[in-house]
Amino acid sequence: MNYMKLKRFRGDPILEKDTGHDWERGSVLNPGVIYENGFFRMIYRATNDVHPDITGAYMSSLGYAESVDGMHFQRFEEPLLAPTEGYENGLGCEDPRVTKLDGIYYLYYTAVGGTGHEQKVRIALATSKDFVHWNKHGIVGPDIFSKAACLFPEKINGKYTMLFTFELESPKATIMMAQFDDLYDLFYPSRERMNRIVNEEYENHVVFRPSDGRGNEVGAVPIKTPHGWLFIYSALSTVNDHTEWSISAALLDLHNPRKILANVDHILKPETEREIHGVVNHVAFPEGAVVFGENLYVYYGSGDQGICLAMCDYQELLEHLKSLM
């Protein structure tokens, strides 16, 4: 029986849209969060409107906010990353996930280029050494419907290791893993190789495969623990007559993250008014997870219209997962 649940902080968003900024007057959602040197650094998705069916009326940028307690954030006036490239000219830059490894910040995000039947949803990467100046490396995932990528915060068996989602937003959604020998391969991976991973080499790279009519999507950057990688992710379920995004947790093997040691579903489901009725309904979508003191803080998008925080006792969650191994 699953009794492990996250507890919402306040129940209301900790960050909402700012109508004083054109680029985030529509909504804010889906934050990647990293904690270092006493600061929580949040990179979040922001939209200029809420009408994706109208060209130009729904463009995403990536905003930045910081905090000392992880609960009260001060946002910056300008986007950290704005859509400037051709591969971002459809719906912009979406859903950031940030990792720091060997002094470099790796920011994976979803780039949406084109419109209508020509629209392409792909994985893009930007890097920085100071969190101020960012270098865009372009599309780094398969040339197929894919997004929601993140980098593990340390090398695994000497390789840079990445998770990403293939066939997203459908019951076929699959979480995959790719590894790279060096920074050049990580920054500029062969498109042919990435395409092979999701096609001919699928069985050698799949982590979470779809089951029971449900698909999964990468959530937060995995957290290293003595027992495995703690992975907070999103599960897509069909509930009654609607689709529902909820938050789940798993432990992945430290040396082979494709091996799932334990899993607990639905540690937080859409239940509040904002989560159930939003820009997108029935959504609690996690993209940030931070251990702070004795607690695990999980940051998530609430109905695609605000950023919320939920938490639990970190050791309690680990013990629960261990009991399922």
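What you see is a predicted model; the values in this text were computed from it and never measured.
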Inset, instruction - Please test M162 against F180 for side chain to side chain contact (heavy atoms under 4.5 Å, CB included), starting from the C-alpha separation and ending with a verdict. - result: CA-CA 8 Å; M162 164 195 184; F180 307 91; 3.8 Å; yes

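Residue K120 places its NZ atom among 12 or fewer non-hydrogen atoms of other residues, nucleotides or ligands, all under 6.0 Å distant. Residue E66 places its CD atom among more than 12 non-hydrogen atoms of other residues, nucleotides or ligands, all under 6.0 Å distant. Within 6.0 Å of CD in E201 there are more than 12 heavy atoms belonging to other residues, nucleotides or ligands. For E200, the CD atom sits in a packed shell: over 12 heavy atoms of surrounding residues, nucleotides or ligands are nearer than 6.0 Å.
A donor atom on one side chain and an acceptor atom on the other are not found under 3.5 Å apart for H133 and S128. When only modelled atom types and interatomic distance are considered, Y105 and E36 share a side-chain donor-acceptor pair under 3.5 Å. Using modelled atom types, one finds a donor on one side chain and an acceptor on the other under 3.5 Å when comparing H137 with T127. Between the side chains of E24 and Y44, at least one donor-acceptor pair of N or O atoms lies under 3.5 Å. A side-chain N or O of Q179 and one of T161 form a donor-acceptor pair less than 3.5 Å apart. Side-chain atoms of E244 and S246 include no donor-acceptor pair closer than 3.5 Å.
Listed for the N30 side chain is no donor-acceptor partner under 3.5 Å among the backbone atoms of P96. No donor-acceptor pair under 3.5 Å is formed between the side chain of T47 and the backbone N or O of S60. Looking at T99, its side chain does come within 3.5 Å of a backbone N or O of L151 through a donor-acceptor pair. For the pair N295 (side chain) and Y297 (backbone), a donor-acceptor distance under 3.5 Å is absent. Judged purely by atom type and a 3.5 angstrom limit, R193 has no side-chain atom pairing as donor or acceptor with the backbone of R196. For E275 (side chain) and T272 (main-chain N/O), a donor-acceptor pair under 3.5 Å exists by modelled atom type. Side-chain N or O atoms of Y299 include one that pairs as donor or acceptor with a backbone N or O of G70 at under 3.5 Å. Side-chain atoms of D185 never come within 3.5 Å of backbone atoms of Y188 as a donor-acceptor pair (strictly under, hydrogens ignored). The backbone N or O of Q315 sits nowhere less than 3.5 Å from a side-chain atom of E319 that would complete a donor-acceptor pair. Under a 3.5 Å cut-off, the side chain of R209 and the backbone N or O of A173 do not form any donor-acceptor pair.
Tested against F152 for a ring pair (Phe, Tyr, Trp, His ring centres under 6.0 Å), the candidates Y108, F231, W229 yield a single pass: W229.
Classified by interplanar angle (parallel below 30°, tilted 30° to 60°, perpendicular above 60°), the ring pair F131/W134 is perpendicular. Aromatic ring pairs are classed by plane angle as parallel below 30°, tilted from 30° to 60° and perpendicular above 60°; the pair Y64 and F76 is perpendicular. Aromatic ring orientation, F40 versus F292: perpendicular (interplanar angle above 60°, classes split at 30° and 60°).
Aromatic pair Y233/F208: centroids less than 6.0 angstrom apart.
Taking each heavy atom of P142 and V198 in turn, the nearest pair found is CG-CG1, 3.9 Å. Contact detail for C312 and K5: the closest heavy-atom pair is CB-O, 4.1 Å. Annotation for A46 and V28: closest pair CB-CG1, 4.1 Å, computed over non-hydrogen atoms. Contact detail for N263 and A250: the closest heavy-atom pair is OD1-CB, 3.6 Å. Across all non-hydrogen atoms, the minimal contact from M176 to V207 is C-CG2, 4.0 Å.
The side-chain tip of R97 does not point at the ring of Y109 from less than 6.0 angstrom away and within 45° of straight on.
Residues Y87 and K136 form a side-chain contact, since some pair of their non-hydrogen atoms from C-beta on lies under 4.5 Å apart. Between Q305 and K17, every side-chain heavy-atom pair lies at or beyond the 4.5 Å cut-off. With a 4.5 Å cut-off on side-chain heavy atoms, L230 and L317 count as touching.
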